[in-house]
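The structure under discussion appears below in the form of C-alpha cells.
Both counts, for ligands and for their atoms, begin at 1 and track the order of listing. In this chain, residues are counted from 1 in sequence order. Given the structure is predicted, the values throughout are model-derived calculations rather than measurements.
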Amino acid sequence: MNTQLNPDNLAQLLHSVFGFARFRANQEAVCRSAVSGQDLLLVMPTGAGKSLCYQLPAIALGGTALVISPLIALMEDQYAKLAALNLRVARIHSGLDRSVSRQACVEYLRGDLDFLFIAPERLRVPGFPEMLAKRPPALIAIDEAHCISQWGHDFRPDYRMIGQHLPGLRNGAAVPVLALTATATPAVQADIVAQLGMTDPAHFIHGFRRENLAIEVVEVPIPERPFAICKLLTKRAHRPAIVYATSRKQSEALAEQLSQMMPAAAYHAGLDGETRERVQRAFLTGQIDVVVATIAFGMGIDKPDIRTIIHAGLPGTLEGYYQEIGRAGRDGEQSRTFLMHSYADQRTHDFFLNRDYPPTENLHEVFRMLREAPRTIEELRAGSKLGEEEFDKALEKLEIHGGARVDFAGNVTLGTPGWKKTYSIQAQYRAEQFDKVLRFTESSDCRMCALVRHFGDDDDARQPCGRCDVCDPAGAVLRMFRRATNAERAIAELIVDELRPVDHKGAGSLQKSVDPSGRMNRDEFDGVLDALARARIVAVEDAVYEKDGEVRRYKKVSLSRLGKEARSASQVDLLISDGIAEEFATLTAQRGSRKTVKTPKRAAATPANLSADGEALASQLKEWRMSEAKRLRVPPYCVLHDRTITAVALARPGNPRELLAIEGIGPGKVEKFGPAILKICGAK
Ligand code: ADP
Ligand code: MG
Ligand code: ZN
C-alpha cells in the first residue's frame, strides 16, 4: 500500500502542496474516505472548500484525477489555481484550440498529468471516452453534480450520460467516484447516486448551519410591505442590504421608494447589461446601500458585509431561499434576514405555477392536433381552442418533453407520447417545492434547523439556533409577540393535560376536546399551539394519513420532554404571535389591528439637553438595557434605541399610559419592558 495514505501524510500534503495550515471542518474525513477508494457524495455550501476534497486525495493516490465540470469559467478557475501550485494540469473544453485539447490527450495518455478537467459534452465525441479508458484515472470527480438531476433548475442533459460512461472509464479498476454539489435536497441526492450508479457511497452532508444569521419569518399583508421595508432599512445598522422582490414591477417600485431615503437601485433581468453591471459595481463599492432585485442578483457576487436580506414575497424553493439569505454576513458578523409572507402570496404563486406549468389537458389539446406531416405554428395556433399565450406555452412544454418536434422554420410534427410522464413529474415536483416553502413559513420549528434538515443533514438539525423568531421571540425585530391572555393560558393548560396520557393527537381533534364549545376559532387555537411549540412544551409535526385513497395532511401534536417534565404550562412564559412591531406598521394597519390601544398624542423625541438628573436616569436605563440585551441575546438597540432612552429620561413616565406616549415605545415594548422601565423611572 502507498505509504502516502496515512492520515499524517494527508495533513502534510495539505501544507506542502496546498499551503494550508489546517483542514476545514469535515475536509479530512472526506479525504480519508476518498483515498480508501470509496465512492462518495459531498454536499457542502458554496465556499466551504469542496475542491480540496477531491484534489488532495488525487495527489495522495497518485495518477491522474479526471474532473468533470459543467462550466468553462469554473474549469479555468481551478486550472489556474492548480497550475499556480506547480501541479500538472490540463483541460479540454470548447473554448480552447484543438491543438490544446490534442496536447492534453497526449499528456494524459503518457501519465504526465495530475489533473484533467473535461466538459461533460466531450463524452459525446466519438473515440474520446475510449481514449480516456486506455488509462484509468486515480479518481473521478463530478463537480456541480446536481446538474444531473432533471428536477434541478440547472439540469444539463449531458450530465445524464456520465453514468453510462463510468464503468468504461473505470475499466475494471477500483476508481472512486466523487460527486460534489452545494445544493441538493435528499431527493436530488438520491437521484445523483442512482444516475451515477454509485456503489454504496459515503454521504457527507455538512456545513449548512450559519451561526450569525437571525432568521425572521413574518406575516405582513402585501400593501404593508413597502413601508415596513423602508422603515427597517432606514436604520443604518441594517445596511448594506438586498431586498428580493417577486416581480420586476415590484423591484422598480420599491427601489424608487427607498431611494428617497438612501442610495438604492433596482436590479432585474429586464434591465440592459450595462445598467446591471453598474448597479452591481456600485453595490460592491458601497456607493449603493440597497439593491432591490429579482432572483437574477447575487450570483457570483461576494460582498462580505451585507447585514440584511429581505424577501418581499415568498420564494419558489427553499434551496433558492437558502442561497439568497446565505449572502448575508459572509464576514461572520451578526446579520438579519426577513421573510414576509401572507395568504395572498400563495395565490400569486399558484398563478405563476399555472402559467409556467399549464394543465396537462392543454398539452393534450395541442398534441392531438399534431401529425407526421408538418404544419406551421400559426396554422395550429389558429385551429386551437386555446388562447394565444396558452397555446404557445403548451407547445413549448410539449417540445421540451418530446411530444412535439419544431424545426427552425416553425414547422411542427408529431413527437412521442412519452412526454406526459416526464412533464407531470416535473410539474408536480415544482408544486411540491413550493409546498415546502409554505410549510416552512407555518412551522414552529427553529428556522435554521428546518433549513439544515431540508438539505438532509439530520444530525445537525437537532440543535436550535437560538436566534430566529421561533427560538428567540423577544429578540425579533419585525415580528411581534405578546403575553398570552388568561383565556389563552387556560387553553394551553388544557392542551398539556390532554396530551399527557397519549402519545400524540391531531391538532383538529385536540381543539375539539379542549374547547368543545368553540370559544376560540382555529387561528386563535393555532396561535396557542404555536406558542407552546416555541416554548418547546409541545412538538408539532407535519404528518399525513390516507382517506378514500387520498393523502391528507394534518398537524400531529405531542408533549416534548420538557412538556412532560413541567408540572403545568403556567410555569412558562407563553408568547403569542401578534403581527409586526408597531414602528414598522403604517397608521392604517395600526388602527386596524390594535383598536384597543388608544395612543395619546406622542411626545416628540427631540435630541434634548438633559438635566443632571435626566443624565443619571439615562445612564441607569442604559445599564439596564445592557443586561436585558445580554439576557435576550440581541443588540442593545433592539431593546431600546438611544433616542428612546433620552425621551424616556426626559419624560419620566409614571405609568404605562405615559410610557406608551413616548416615541419609539409601542404596546409590545410596554408589555415586555414596561414594569422594569417604570421601576427605574421611580414610578410607584
Ligand atoms: P466550494 O467548491 O465548496 O464552493 P472551493 O473549493 O472553491 O469551495 O474553496 C473555497 C475557498 O476556500 C478557496 O479559495 C480555497 O482555496 C479555500 N480553502 C479550501 N480549503 C481550505 C483550507 N483547508 N484552508 C484554507 N483555505 C481553504
Ligand atoms: Mg466548487
Ligand atoms: Zn432558531
Side-chain angles (χ1 to χ4, degrees), residues 10-31 41-59 67-71 73-82 84-85 87 115 117 141-147 154 178-184 204-217 299-300 302 304 323 325-327 330 336-337 339 440 443-453 455 460-476 479 533-536 632-634:
L10 285 181
Q12 221 233 307
L13 288 173
L14 182 74
H15 309 154
S16 61
V17 178
F18 294 91
F20 294 141
R22 58 189 64 83
F23 283 109
R24 289 216 185 127
N26 306 302
Q27 281 180 330
E28 188 169 8
V30 181
C31 289
L41 174 67
L42 174 59
V43 189
M44 292 203 296
T46 305
K50 291 186 290 296
S51 318
L52 185 93
C53 295
Y54 71 80
Q55 290 169 354
L56 181 56
I59 302 291
V67 188
I68 303 174
S69 176
L71 288 177
L74 291 177
M75 259 187 258
E76 287 296 316
D77 181 51
Q78 292 299 330
Y79 171 83
K81 279 186 177 153
L82 292 170
L85 296 173
L87 292 164
F115 296 92
F117 287 82
I142 297 152
D143 205 5
E144 312 293 335
H146 60 279
C147 296
D154 289 331
L178 284 61
L180 303 85
T181 173
T183 167
F204 293 94
I205 298 148
H206 294 301
F208 287 96
R209 175 178 295 268
R210 289 283 309 273
E211 303 283 355
N212 62 330
L213 298 191
I215 303 173
E216 273 186 52
V217 178
M299 296 284 284
D302 200 2
Q323 297 275 351
I325 63 170
R327 297 191 176 116
R330 291 261 168 93
R336 294 196 164 267
T337 75
L339 169 55
F440 174 74
S443 158
S444 44
D445 191 8
C446 165
R447 307 292 180 190
M448 189 54 82
C449 290
L451 290 172
V452 167
R453 186 174 305 111
F455 285 100
D460 191 31
R462 283 186 249 277
Q463 181 64 37
C465 78
R467 295 175 196 280
C468 70
D469 60 313
V470 175
C471 289
D472 183 21
R479 189 171 179 191
R534 270 192 301 275
R536 307 199 188 286
L632 298 170
R633 279 169 294 142
V634 297

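Counting the atoms of ligand 1 from 1 in the order shown, those under 4.0 Å from a heavy atom of P45 are 3 (O). Contact atoms of ligand 1 toward T46: 4 (O) (distance under 4.0 Å to a heavy atom of the residue).
Two residues are said to be in side-chain contact when any heavy atoms from C-beta on lie closer than 4.5 Å; F208 and M44 fail this criterion. Contact of the Q78 side chain with the S69 side chain is not registered, since no non-hydrogen atoms from C-beta on lie closer than 4.5 Å. Contact annotation: the side chain of L82 approaches that of F117 to within less than 4.5 Å [non-hydrogen atoms, C-beta and beyond].
Geometry about the Zn ion (ligand 3) gives an angle of 100° between SG of C446 and SG of C465, rounded in steps of 10 degrees. Here the angle centred on the Zn ion (ligand 3), running from SG of C471 over to SG of C468, is 100°, rounded to 10°.
For the atom pair CG of N26 and CD1 of I205, the computed distance is 11.0 Å after rounding to the nearest 0.5 Å.
Not one N, O or S atom of C449 sits under 2.8 Å from the Zn ion (ligand 3).
The option from A182, C53, G49 that lies nearest to atom 8 (O) of ligand 1, judged by heavy atoms, is G49. The residue from R22, Q78, E144, K81 that puts a heavy atom closest to atom 13 (C) of ligand 1 is K81.
Remark: the backbone N or O of M448 is not paired with any side-chain donor or acceptor of R210 at under 3.5 angstrom. One N or O on the side chain of Q27 and one on the backbone of G49 form a donor-acceptor pair closer than 3.5 Å. The main-chain N or O of R467 is never found under 3.5 Å from a side-chain atom of R447 such that the two would form a donor-acceptor pair.
Residue contacts with ligand 1 for Q27 involve side-chain atoms from C-beta outward but no N, CA, C or O (heavy atoms, distance under 4.0 Å).
Salt bridge annotation for R453-D460: absent, with no cationic side-chain nitrogen under 4.0 angstrom from a carboxylate oxygen.
Within the structure, the closest approach of G47 to ligand 1 falls below 4.0 Å when heavy atoms are considered. Residue contacts with ligand 1 do not include A21, since none of its heavy atoms lies under 4.0 Å from the ligand.
Taking the six-membered ring where the residue is Trp, F18 and F20 present parallel rings, their angle staying beneath 30° rather than reaching 60°.
From the protein, the heavy atom lying nearest to atom 6 (O) of ligand 1 is S51 OG, 2.6 Å. Here the heavy atom of the protein found nearest to atom 17 (C) of ligand 1 is R24 NH2, 3.5 Å. Among protein heavy atoms, atom 16 (O) of ligand 1 sits closest to F20 CZ, 3.3 Å.
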